[in-house]
Amino acid sequence: MPELAEVEFIRRRWDPGLGHVIATVRLHPRARVLRGVDCARLARRLASARLESSAAAAKQILFRLTAADGEALWLGIHLGMTGELRVRPAGLPDAKSEHLILDQPAAGQSLVFADPRMFGRVQFHAGSTAPEWWTQLAPAVTSPEFTLEAVSEFLRRRARAPIKAVLLMQQRFPGIGNWMADEILWRAAIHPARRCGELSPAEVKKLHRETVWVAREALRIIGAADTAAAWPDPPATWLFQHRWEDGGLCPRTKKPLERAEIGGRTTCWSPARQTLA
DNA sequence: TCCTATGTTGTATG
DNA sequence: ACATACAACATAGG
């Protein structure tokens with residue numbers, strides 16, 4: 001159930017495949033994750049292609065490949081709620097929910113994209129220029145383009161919406177998902193149901209700062225972790241560790257946390273430090 | 001049986 | 001056209 005840092009972690013799972021040639025491609029064309037993809041063309045082009053590099057931005061993963069005839073190929077993976085990448089030794093049977101399998105027999109392995117719930121998706125593009133679904137992503141929250149002014153302007157245009165819902169909007173907060181949004185609001189001491197238009201300039205500034213901080217720390221703790229094991233959780237000083245516990249306590253105030261649906265998603269906050277109005 | 005789930009998108013309404 | 005709200009997608013697990 002990946003957000004910014006988990007996506008980066010999962011991206012690196014296919015690192016053992018870099019520099020190796022794909023011999024065969026196996027896929028299940030009826031799987032929802034392949035909606036809109038020309039599966040026959042994808043399979044034909046990726047066969048004999050070499051995996052060159054990968055990158056992650058927002059919740060999107062991009063793999064760059066070179067076809068046997070030299071053409072540049074671009075494979076996109078979005079993990080949705082339950083998507084996962086793995087590398088499996090060659091010859092093992094396919095498991096359930098494995099929708100795209102790239103066999104690299106010379107390396108003795110297969111690269112696998114699995115997604116039981118199938119909210120994720122695969123995208124494919126051939127040609128020398130990067131596809132729009134990659135180039136059109138909003139600037140990363142860890143980049144210099146993610147300015148306080150950009151955030152202020154974005155919130156101004158969504159004055160009536162609860163801040164929790166707006167933090168989930170990928171056009172301005174790429175990579176932020178449900179747990180990161182709750183973590184940011186908790187650190188910024190802003191109640192998730194507050195309307196964007198009523199936040200003070202000081203609160204918006206705090207929100208901007210905590211967004212960058214949470215993203216950086218999550219990338220450091222989760223995104224850079226050893227991919228041989230499961231991804232690590234942030235420390236117990238974070239809201240993250242307590243948000244699903246029954247009777248969970250705020251790690252700062254030690255007072256009870258509250259949960260409710262806000263902006264269409266289950267939201268956790270600390271009433272002792274996040275108040276309305 | 002019923003409820004929940006770290007995401008996105010299409011559609012309806014204002 | 002734009003902002004907002006919400007059902008729908010599909011499956012597994014408590």
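Within every chain, numbering begins at 1; the chains are lettered A, B, ... in the order of the sequence lines, protein sequences first and strands thereafter.
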Problem - Centroid-centroid under 6.0 Å between A:F119 and A:H78 rings - result: no
Exercise for the section: State which of C:dA3, C:dA5, B:dT6 makes the closest approach to the side chain of A:E6. Expected result: B:dT6
Exercise for the section: Convert the base pairs of DNA chain B into dot-bracket notation, remembering that pairs crossing earlier ones are written with [ ] and that bases paired across to another strand are shown as |; include only Watson-Crick or G-U pairs under 3.5 Å. Expected result: .||||.||||||||
Practice task
Select base, sugar-phosphate, or nothing to describe what A:A165 touches, counting heavy atoms under 4.0 Å on all strands.
Solution key: nothing
Under 3.5 Å, N/O pairs linking protein and nucleotides 10-14 of chain C:
residue, atom, partner, partner atom, Å
C:dA10, O4', A:R117, O, 3.3
C:dA10, N1, A:R117, NE, 2.7
C:dA10, N1, A:R117, NH2, 2.7
C:dA10, N3, A:R117, NE, 3.1
C:dA12, OP1, A:K96, NZ, 2.7

Exercise for the section: Could you tell me whether A:R195 contacts a base, only the sugar-phosphate backbone, or nothing, with contacts defined as non-hydrogen atoms closer than 4.0 Å? Expected result: sugar-phosphate
Practice task
Report the distance from atom CZ of A:R156 to atom P of C:dT4, rounded to the nearest whole Å.
Solution key: 14 Å
Practice task
Answer yes or no: does a side-chain N or O of A:R265 lie under 4.0 Å from OP1 or OP2 of B:dT6?
Solution key: yes
Exercise for the section: Return the nearest nucleotide to the side chain of A:R160; candidates are B:dG7, C:dA5, C:dT4. Expected result: C:dT4
Handout entry: Euclidean distance, A:W231 CH2 relative to A:I221 CD1, rounded to 0.5 Å
Key = 14.5 Å
Practice task
Would you please say whether a donor-acceptor pair under 3.5 Å links the side chains of A:T227 and A:R13?
Solution key: no
Handout entry: Selection: residues 78-87 of chain A, any non-hydrogen atom under 4.0 Å of DNA chain C
Key = none
